[in-house]
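Here's the structure, in structure tokens; my notes come after.
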Amino acid sequence: MIATSPPLAESSQGAACCAPIAREPLTESDAAELARLLKAVADPVRLRLLSMIGSHAGGEACVCDLTDAFELTAPTISHHLKVLRTAGLIDGERRGTWVYYRIIPEQVARLGALFTPLAESIIV
């Protein structure tokens, strides 16, 4: 994997500087909403849970498949899933005794879009 620096742009004074990493500044409400989403994924367990759910076959994962990956109690995993669900990053559906979780693509895409301009300048 080869990463390159962002393309250089000329400043108003003629000196080279980095190209912007955002398309436009965030509004106050957008910043507040994105901060809420970022707080939800700012925990390693929640980030792993989100990744596991998003990469699970069929696009959804049973809580029974998620708990075994961690050395945490079931109530702790449930707490982390609740934080992700409250943030609107995942949704769940009870089927019998188990709850099946799936990613809400629009919300997760909002996180990705925040860094898209930066990602476009990196060669993989």
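Hydrophobic cluster membership differs between Ile53 and Val83, with clusters built from Ile, Leu, Val, Met, Phe, Trp and Tyr side chains linked at under 4.5 angstrom. Under the 4.5 Å side-chain heavy-atom criterion for ILVMFWY residues, no single connected hydrophobic cluster contains both Leu84 and Ile104.
In this structure, the separation between CD1 on Ile90 and OH on Tyr100 is 15.0 Å, given to the nearest 0.5 Å. The distance from the CG atom of Leu111 to the CG atom of Leu50 is 8.0 Å, given to the nearest 0.5 Å. For the atom pair SG of Cys64 and CH2 of Trp98, the computed distance is 5.0 Å after rounding to the nearest 0.5 Å. Rounding to the nearest 0.5 angstrom, the gap separating the CD1 atom in Ile103 from the OG atom in Ser55 is 8.5 Å.
Side-chain contact between Tyr101 and Arg85: present, with at least one pair of heavy atoms (C-beta onward) separated by less than 4.5 Å. No side-chain heavy atom of Leu81 sits under 4.5 Å from any side-chain heavy atom of Val99.
Sorted by first and then second residue, the salt bridge (Lys or Arg N to Asp or Glu O under 4.0 Å) pairs involving residues 36-53 (not counting sequence neighbours) are Glu33-Arg36. Pairs of residues two or more places apart, or lying in two chains, that qualify as side-chain hydrogen bond (donor to acceptor under 3.5 Å, both in side chains) and include a residue from residues 61-74 are Thr73-Thr76.
Across all non-hydrogen atoms, the minimal contact from Leu34 to Arg110 is CD2-O, 3.8 Å. Taking all atoms of both residues into account, the shortest heavy-atom contact from Ala87 to Gln107 is O-NE2, 3.7 Å.
The main-chain N or O of Ala74 is found under 3.5 Å from a side-chain atom of Ser78 such that the two form a donor-acceptor pair.
Considering only residues two or more places apart in sequence or on other chains, Thr97 meets the side-chain contact (heavy atoms from CB on, under 4.5 Å) condition with none of them. Residues satisfying the side-chain contact (heavy atoms from CB on, under 4.5 Å) criterion with Arg102, sequence neighbours excluded, are Glu60, Asp91, Glu93.
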